[in-house]
Amino acid sequence: MVRVRIAPSPTGIPHIGNTRTALFNYLFAKHNQGKFILRIEDTDQKRIVPGAKEAIVEILTWLGLFPDEQYTQSERLSLYKEHAELLIKKAIAYKKDGAVWVRVNTGAAIAWDDAIGNKKIQFNSNDIEDFVVLKSDGFPTYHLASVVDDHLTEISHVIRGQEWISSTPKHLFLYESFGWKPPIFAHLPVILGPDKAKLSKRHGAKSVLDYRDEGYLKEALLNFMVILGWSPGGDKEIMSMDEMAQLFDLKNVNTANPIFDIGKLQWLNGVYIRQLGIDELSEKIKNKNEKLKRINEKIFKKLVELAQSRMKTLNEFDELVAPIVEEPKVVLSQNEKELARKLNVGFSSIVHWESNAIFTTIKKVMQEAQVRMPVMYRIMTGKESGLPLPQVLEIIGKEKVLERLQKLL
RNA sequence: GGCCCCAUCGUCUAGAGGCCCAGGACAGCGGGUUUUCAGCCCGUUAACAUCGGUUCGAAUCCGAUUGGGGUCACCA
């Protein structure tokens, strides 16, 4: 029975790195009809950040990574204490300054077969220093708590970041000391920033909640994270969660550290936005911006249709629609004023105000003055590009359009 | 620095000895469609870190070098 776990500590809001580890664990569990377990590692009281635990759950919920079981280490303190005492009894651990330390046997090599890259990793136990298992405040350290919990909850595979490789010998030593069979370890390469340094706040280390708030779709984020360091082989890269779970295998997780590339995420987000139906997309956009709920439903959908292929994130809708929702600030040159005057005359004579007629007028003015569309855009919206102009003007309405032109002259 | 991990286009990757003078995707560049910008379609630039082995044959196996990363807490 496959049982995996993620073990976040509530000391911050999960970023792409942590979350990708969660995803890989989840996919591995689903692929093998196993269990996906969430364990909150709140054993460092000083570093706990209020709200972090809630954020972890919120992110997992948003992404659909629902845990089958959940544990919290601060509720299991007696368990760790018991086991620390057991180690003392076995003369493997000793007390010093109120803490319980473990001395690793010297002499023997400590090795395991890592599931990533399918290779053997070996340490010399002489290189491993004594370490604390129970702190003087009575809380366990990660080393003790995770080993005890992984064993007690029958974790079969520990899939975690590569930063844990150097403490794995300690864990293995603990397993051996307790007489327990260790799980299979799989150490995932860490995600690097564009500067090839560890992911920092400036780029990908933003909280996953930030990406959601910026208008990224969970499907895009999930797809992005899964192809960062994993490939099903061949050319496939757009996948639904079900496909990922079906295809996922630790065997083809890459051994090298991938670099976070926001451009690919943006592209993927665009792909998923374009895949959405208009109703669904409208709903998502409205949920992000209350103000938009005031716009007439029919017009709103029309705007969504026009904007769909032009958005990389949901939030970009606001900017695309700005020239319609609010009066743009435009200052025109003499030449542009002349064109505005011509547009004014042309538009005034349109009886049935709709995009085709509007466009005919715009084209006429452009032809006469030998100018191109960006000029027209600037006059009407203050920007040189945007949603299709005739449609935009149709939506704004004849009266309002003429009013705007009036002011420009 | 010690220990450990890693190394294919700028980026994500395919590739598990001959199918590879290395394929796909993003980005870039060029063109087409056109109502600007997108989108869509077509084309294009660009990589096996280096040096030694092994082999009839190496991106693929081995070693060294170089480079990058991780870790060295009563943090996880």
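The chains referred to below are lettered A, B, ... by the order of the sequence lines, with proteins before strands, and numbering in each begins at 1.
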B:rG24 versus B:rU44 - spacing of their C1' atoms, nearest Å: 15 Å

How long is the line joining CD1 of A:I110 and C1' of B:rC3, in whole Å? 13 Å

Could you tell me the separation between the CD1 atom of A:I16 and the C1' atom of B:rC12, rounded to a whole number of Å? 14 Å

Quick one: pull up CD in A:E283 and CG in A:L276 and give me the separation to the nearest 0.5 Å. 11.0 Å

Selection residues 42-67 of chain A - residue pairs positive for side chain to side chain donor-acceptor pair (under 3.5 Å), sequence neighbours left out: A:D42-A:S74, A:E58-A:R212

To the nearest angstrom, how far is A:L387 atom CG from B:rU35 atom P? 17 Å

Under 4.0 Å between any heavy atoms, over every strand shown, what does A:P374 touch: base, sugar-phosphate, or nothing? Just pick one. sugar-phosphate

Rounding to the closest angstrom, what is the interatomic distance between B:rC61 and B:rG67 at atom P? 23 Å

Tell me the partner of B:rA25, counting only Watson-Crick (N1-N3 plus N6-O4 or O6-N4) or G-U wobble (N1-O2 and O6-N3) with both under 3.5 Å; none if nothing fits. B:rU11

Partner of B:rC3 under the Watson-Crick or G-U wobble criteria, both distances under 3.5 Å, comes out as B:rG70

Name the nucleic acid region contacted by A:P388, choosing base, sugar-phosphate or nothing; use a 4.0 angstrom heavy-atom cut-off, strictly under. base

Atom CD of A:E384 and atom C1' of B:rA38 are separated, to the nearest Å, by 16 Å

Under the side chain to side chain donor-acceptor pair (under 3.5 Å) definition, can you give me all pairs with a residue in residues 307-319 of chain A, not counting sequence neighbours? A:K288-A:N315, A:N289-A:D318

Looking at the side chain of A:D127, which of B:rC4, B:rA14, B:rC3 is the nearest nucleotide? B:rC3

Given that both distances must come in under 3.5 Å, which nucleotide forms a Watson-Crick or G-U wobble pair with B:rU60? none

Got more than 12 heavy atoms from elsewhere within 6.0 Å of NZ, A:K302? no

Separation of B:rU35 atom C1' from A:L306 atom CG, nearest Å, is 12 Å

If the C1' atom of B:rG18 is compared with that of B:rG70, how far apart are they to the nearest Å? 37 Å

Sequence neighbours left out, what passes side chain to side chain contact (heavy atoms under 4.5 Å, CB included) with A:D127? Give chain and number order. A:N124

Would you confirm whether A:S207, through its side chain, and A:H15, through its main-chain N or O, come within 3.5 Å as a donor-acceptor pair? no

B:rC20 to B:rU8 separation - C1' atoms, rounded to the nearest Å: 12 Å

What nucleotide, of B:rC6, B:rU36, B:rC12, holds the atom closest to the side chain of A:R310? B:rU36

Relative to the 5' end of RNA chain B, which residue comes earlier, A:N254 or A:S309, by the nucleotide with the nearest heavy atom? A:N254

Residue A:K119, side-chain atoms from C-beta onward, closest of B:rG39, B:rU36, B:rC5: B:rC5

Distance between P atoms of B:rA27 and B:rC40 (Å, rounded): 9 Å

Proximal nucleotide (of B:rC12, B:rU36, B:rC3) relative to the A:I227 side chain: B:rC12

Whole-Å distance, A:E319 CD to B:rC37 C1', equals 12 Å

Distance between P atoms of B:rG17 and B:rG10 (Å, rounded): 27 Å

Any A:R274 side-chain N or O less than 4.0 Å from OP1/OP2 of B:rA38: no

Given salt bridge (charged side-chain N to carboxylate O under 4.0 Å, His left out), test A:R5 with A:E69 step by step and report yes or no. CA-CA 9 Å; A:R5 100 284 126 122; A:E69 295 169 26; over 6 Å; no

Scan A:G161 against the nucleic acid and name what it touches under 4.0 Å (heavy atoms): base, sugar-phosphate only, or nothing. nothing

Residue pair A:W230 / A:N252, side-chain donor-acceptor N/O under 3.5 Å: yes

Go along nucleotides 69-76 of chain B 5' to 3' and tag each nucleotide: B for a protein heavy atom under 4.0 Å from its base, S when only backbone or sugar atoms are that close, - otherwise. SSS--BBB

Please indicate whether A:Q406 has more than 12 foreign heavy atoms, meaning atoms of other residues, nucleotides or ligands, lying under 6.0 Å from its CD. yes

Suppose we define a pair by two distances each less than 3.5 Å, Watson-Crick or G-U wobble; what does B:rG39 pair with here? B:rU33

Report yes or no: do A:W112 and A:D114 form a side-chain donor-acceptor pair below 3.5 Å? yes

In whole Å, what separates the P atom of B:rG15 from that of B:rU60? 15 Å

Atom-to-atom span, CE of A:M239 to P of B:rU13 - whole angstrom: 12 Å

Please write out the pairs of protein N or O atoms and N or O atoms of nucleotides 24-27 of chain B separated by less than 3.5 Å, giving the distance to one decimal.
from: B:rA25; atom 1: O4'; to: A:E237; atom 2: OE2; distance (Å): 3.2
from: B:rA25; atom 1: O2'; to: A:E237; atom 2: OE2; distance (Å): 2.3
from: B:rA25; atom 1: O2'; to: A:K264; atom 2: NZ; distance (Å): 3.2
from: B:rA25; atom 1: N3; to: A:K264; atom 2: NZ; distance (Å): 3.0

When the distance from CD of A:E316 to P of B:rC37 is rounded to whole Å, what number comes out? 17 Å

Determine whether more than 12 heavy atoms belonging to other residues, nucleotides or ligands lie under 6.0 Å from atom CD of A:E163. yes

Residue pairs passing the side chain to side chain donor-acceptor pair (under 3.5 Å) test where at least one lies in residues 322-333 of chain A, sequence neighbours excluded: A:E327-A:K407, A:S333-A:E336

For B:rU55 versus B:rG31, give the span between their C1' atoms, rounded off to a whole number of Å. 47 Å

Check every strand shown and say whether A:Q391 touches a base, only sugar-phosphate, or nothing at a heavy-atom separation below 4.0 Å. base

